[in-house]
Amino acid sequence: MVIEQQISGAVIAGIKALYGAEVTAAQVQLQQTKKEFTGHLTLVVFPFLRASKKSPELTAQAIGEYLLANEPAVAAFNVIKGFLNLTVAPFCWIALLNDINSQPTYGIVPVTEQSPLVMIEYSSPNTNKPLHLGHVRNNLLGFSLAEIMKANGNKVVKTNIVNDRGIHICKSMLAWQKWGEGVTPESSGKKGDHLIGDFYVLFDKHYKQELKELQAQGLTDKEAEAQSALMAEARAMLLKWEAGDKEVVALWSMMNSWVYAGFDETYKMMGVDFDKIYYESQTYLEGKGKVMEGLEKGVFYRREDGSVWADLTGDGLDEKLLLRADGTSVYMTQDIGTAKLRYDDYPINKMIYVVGNEQNYHFQVLSILLDKLGFAFGKGLVHFSYGMVELPEGKMKSREGTVVDADDLMAEMINTAHEVSQELGKLDEMTPAEAEAISRTVGLGSLKYFILKVDPRKNMTFNPKESIDFNGNTGPFIQYTYARICSVLRKAAEQGIALPEQLPATLALSEKEETMIQLLADYASTVREAGKEYSPAFIANYIYDLVKEYNQFYHDFSILREENEELKKFRLILSANVAKIIKSGMSLLGIDVPERM
RNA sequence: GGUCCCGUAGUUCAACGGAUAGAAUAGAAGUUUCCUAAACUUUAGAUUCGGGUUCGAUUCCCGGCGAGACUACCA
């Protein structure tokens with residue numbers, strides 16, 4: 001914030017004047033003063049002891065006196081051990097609030113023609129099963145990250161690479177042909193992605209059964225797998241698909257279209273979207289050319305069996321297969337191909353992959369390979385690696401049926417929100433449509449905030465049995481505060497109170513009010529930080545702090561009953577700006593805030 | 001075996017190397033003549049262990065213990 005920079009500059013000048021030493025801005029540690037102490041900002045003086053050659057207390061005292069005499073923004077100071085607590089002059093706070101109030105998009109850096117272009121890949125589902133809790137974290141993080149990058153002045157292209165080909169898809173197709181021919185999403189009343197997922201499970205069930213029977217005949221596990229007729233059929237189908245067999249491709253297209261319709265519904269409910277979707281079926285042959293190029297340049301090498309490899313032992317990694325002996329691509333080859341396609345399509349300055357941390361190794365390798373192949377962006381690619389969502393009993397396992405389905409989860413959250421709202425009597429004066437909308441906003445807000453407030457890199461635990469809280473550090477708590485501020489502002493408008501654009505600098509504020517302004521101003525640096533660290537959690541935790549502080553403020557001061565008109569207007573403007581920041585910050589998380597609830 | 005992550009109140013999460021490690025929940029006790037009580041106030045409770053670097057370590061380094069991921073000619 002502005003005041004901080006100003007004082008920071010004064011400190012640098014002060015050290016020079018007092019001790020003749022040059023210090024960098026990085027050495028000036030200005031942090032918010034802890035609640036137990038008097039002051040707004042605290043300077044840690046330990047880094048300056050070498051220059052001052054005095055005790056921490058004396059050094060702090062000297063710097064404090066210098067600032068008091070030379071920096072008008074500093075109104076008072078006190079020294080505790082090596083910490084110099086500074087009190088900022090009241091007029092600065094009013095000026096700061098006036099500044100924030102004059103900017104409808106405070107803290108947001110505008111995107112211009114010259115802004116760098118960031119491509120963010122996220123979601124990237126398989127078309128053989130519906131989205132689950134892990135995808136929910138991916139989607140929410142990806143969408144929020146895109147919003148945060150935009151807020152930091154980047155052009156953003158959101159992209160999704162759909163894994164729509166391969167043996168797993170064939171399994172669903174085969175199961176449908178064998179045990180469900182004629183069934184459609186309409187006839188079954190199921191969402192397309194769920195229907196296909198069911199067939200995938202059905203295949204697995206029959207396959208397991210077959211293996212069991214083969215093993216009963218005395219075959220080993222491996223022999224049984226090799227002899228499985230079902231698996232052989234699936235493989236045959238994949239070959240037909242790759243050969244462009246009309247019937248197989250037609251079936252594949254039809255079933256995929258069901259899945260996409262299902263996914264679209266889920267994405268819509270979740271509130272996420274994409275600017276450009278790539279399909280693996282259209283890109284999986286790309287990359288081969290690049291690998292051959294690398295082979296010619298001598299970056300890669302060919303083994304006797306014809307397979308192509310990259311030797312990464314020089315980078316501390318292993319050898320990596322890029323083309324099978326039969327010349328077909330693997331995952332890595334495809335990622336090289338899609339990278340090339342994307343850079344052909346867009347002038348990308350930075351590429352961010354939102355992919356779980358189980359693929360850390362893959363992206364480490366990809367980065368090196370792209371770099372070796374001469375892609376300028378290779379080294380700079382960002383693998384936004386997020387942790388797993390675990391259940392109390394451990395990792396989600398589809399085989400054990402412990403997967404939490406995304407659609408079910410969202411429906412349940414909305415349902416719970418409805419029940420809680422009803423119990424609290426919040427829905428009494430609403431039409432069914434309004435009640436529905438509020439339940440949805442609150443239920444989804446609760447889920448989104450629950451996931452986004454956690455440091456993305458860390459694994460997190462989700463307990464489906466204990467539904468997500470609506471009290472405390474939660475989405476609804478923030479939404480509620482927002483709605484309440486809206487209500488106060490509505491009442492003020494009804495009373496005909498007109499708010500001025502600028503507040504007079506002479507207004508005397510309490511400590512609490514100054515703290516609120518300080519907190520508000522921090523929004524800008526929080527957004528910067530979140531962009532730099534790729535962490536929506538910073539935004540979430542900041543908003544919570546702001547809201548918690550505001551709630552106490554709200555209770556301590558009766559805004560509308562304040563008799564001093566100037567003060568009343570100040571508090572209304574402060575409240576309006578808190579609401580503005582809440583709305584802005586929550587939108588960076590992809591969470592709606594209702595004006596009434 | 002190798003590489004990489006992680007370990008903080010009962011639980012879920014915080015803490016650029018900075019002051020007495022913060023919140024929320026669950027527990028105990030309170031606050032509705034008052035702008036929305038999904039709120040507020042009080043209370044009790046934690047850094048896996050052992051070294052090192054530092055004025056100062058939850059944070060950085062080394063080692064032990066514990067949990068997880070990766071180490072596929074799957075994607």
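Below, each value reflects all heavy atoms present in this structure, side chains not excepted, and no hydrogens, waters or symmetry copies. Every chain is numbered from 1, with letters handed out A, B, ... down the list of sequences.
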- When we call it a touch if two heavy atoms are under 4.0 Å apart, what does A:Thr42 touch: a base, just sugar-phosphate, or nothing? base

- Sole residue of A:Leu133, A:Leu131, A:Ile414 in side-chain contact (heavy atoms from CB on, under 4.5 Å) with A:Leu409: A:Leu133

- Query: Given atom CZ of A:Phe77 and atom C1' of B:A19, what is their separation to the nearest angstrom?
  - Reply: 18 Å

- Message: Side chain of A:Val330, heavy atoms from C-beta onward: which of B:C73, B:C55, B:A19 has the nearest atom to it?
- Response: B:C73

- Message: Taking the C1' atom in each of B:U47 and B:U8, what is the distance between them to the nearest angstrom?
- Response: 4 Å

- Task: Answer yes when A:Glu549 and A:Lys35 have at least one side-chain N-carboxylate O distance shorter than 4.0 Å, and no when they do not.
- Result: yes

- Going by 5.5 Å between centroids and 30° between planes, is there a stack of A:Tyr544 over B:A23? no

- Sticking with atom C1', work out how far B:A21 lies from B:U59, rounded to a whole angstrom. 11 Å

- When you compare B:G7 with B:G68, how far apart are their P atoms, in angstrom units rounded to a whole number? 15 Å

- Stacking of A:Phe83 on B:G18 base (centres under 5.5 Å, planes under 30°): no

- Query: With distance as the sole criterion, is a donor-acceptor pair present between the side chains of A:Thr474 and A:Asp469 under 3.5 Å?
  - Reply: no

- Test of ring centre spacing under 6.0 Å for A:Phe557 and A:Phe553: yes

- Query: Which class fits the ring pair A:Tyr534 and A:Phe384: parallel under 30°, tilted 30 to 60°, perpendicular over 60°?
  - Reply: perpendicular

- Task: Using a 4.0 Å cut-off on protein heavy atoms (strictly under), produce a 5'-to-3' string for nucleotides 29-40 of chain B with B for base contact, S for backbone-only sugar-phosphate contact, and - for none.
- Result: -----SBBSBSS

- Query: Taking atom C1' in both B:G27 and B:G10, what distance in whole Å separates the two?
  - Reply: 10 Å

- Item | A:Arg596/A:Glu434 salt bridge by N-O under 4.0 Å criterion | no

- Query: Is it true that A:Tyr279 and A:Tyr260 have ring centroids separated by less than 6.0 Å?
  - Reply: yes

- Have a look at A:Gln479 and say if it touches a base, only the backbone sugar-phosphate, or nothing, with a 4.0 Å heavy-atom cut-off. nothing

- Considering only atom P, compute the distance from B:A14 to B:A9 and round it to an integer number of Å. 13 Å

- Item | Separation of atom CD in A:Glu242 from atom P in B:A75, rounded to whole Å | 10 Å

- Message: Which is more 5' along RNA chain B, the nucleotide nearest A:Phe46 or the one nearest A:Met388? Just name the residue.
- Response: A:Phe46

- Classify the nucleic acid contact of A:Glu36 as base, sugar-phosphate or nothing, counting any heavy atom under 4.0 Å across all strands shown. nothing

- Tell me, yes or no, whether the heavy-atom count around A:Gln495 atom CD, taken from other residues, nucleotides or ligands under 6.0 Å, exceeds 12. yes

- Query: More than 12 heavy atoms of other residues, nucleotides or ligands under 6.0 Å from NZ of A:Lys532: is that the case?
  - Reply: no

- Separation of A:Lys81 atom NZ from B:C55 atom C1', in whole Å? 11 Å

- Item | Protein-to-nucleotide contact annotation, 5' to 3' order, nucleotides 1-15 of chain B [B base; S sugar-phosphate only; - none; under 4.0 Å, heavy atom] | ------S----SSS-

- Item | Separation between CZ of A:Phe462 and CG of A:Leu447, rounded to the nearest 0.5 Å | 7.0 Å

- Message: For the P atoms, the ones on B:C62 and on B:U3, what distance do you get once it is rounded to whole angstrom?
- Response: 12 Å

- Message: By the rule that syn is within 90° of 0, classify the base conformation of B:U58 as syn or anti.
- Response: anti

- Whole-Å C1' distance, B:A57 and B:A15: 13 Å

- Task: Before accepting this row, confirm whether a basic side-chain N of the pair A:Asp455/A:Arg457 lies closer than 4.0 Å to the acidic partner's carboxylate O.
- Result: yes

- Item | Residue-phosphate contact under 4.0 Å: A:Lys129 side-chain N/O, B:A75 OP1/OP2 | no

- Going by atom types only, do A:Arg303 and A:Ser307 share a side-chain donor-acceptor pair under 3.5 Å? no

- Item | Heavy-atom neighbours of A:Glu36 CD exceed 12 at 6.0 Å | yes

- Query: Nearest 0.5 Å, what's the OG-CG distance between A:Ser123 and A:Asn138?
  - Reply: 6.0 Å

- Note on the structure: Output row for RNA chain B, stems defined as at least 3 consecutive Watson-Crick or G-U pairs under 3.5 Å, is B:1-4 with B:68-71, B:10-13 with B:22-25, B:27-31 with B:39-43, B:48-52 with B:60-64

- Separation of B:C74 atom P from A:Ile167 atom CD1, nearest Å, is 10 Å

- Integer-rounded Å distance: B:U20 P and A:Asn85 CG: 13 Å

- Verify the contact: side-chain N or O of A:Lys34 to OP1 or OP2 of B:A19, cut-off strictly under 4.0 Å; return yes or no. yes

- Note on the structure: To the nearest angstrom, the CD1-P distance between A:Ile169 and B:C74 comes to 16 Å

- Message: Please report the distance, rounded to the nearest Å, between CD in A:Glu319 and P in B:A72.
- Response: 12 Å

- Query: Nearest-Å distance, CD (A:Gln359) to P (B:C74)?
  - Reply: 15 Å

- Message: Could you tell me how far B:C6 sits from B:C70 if I compare only their C1' atoms? Round to whole Å.
- Response: 14 Å

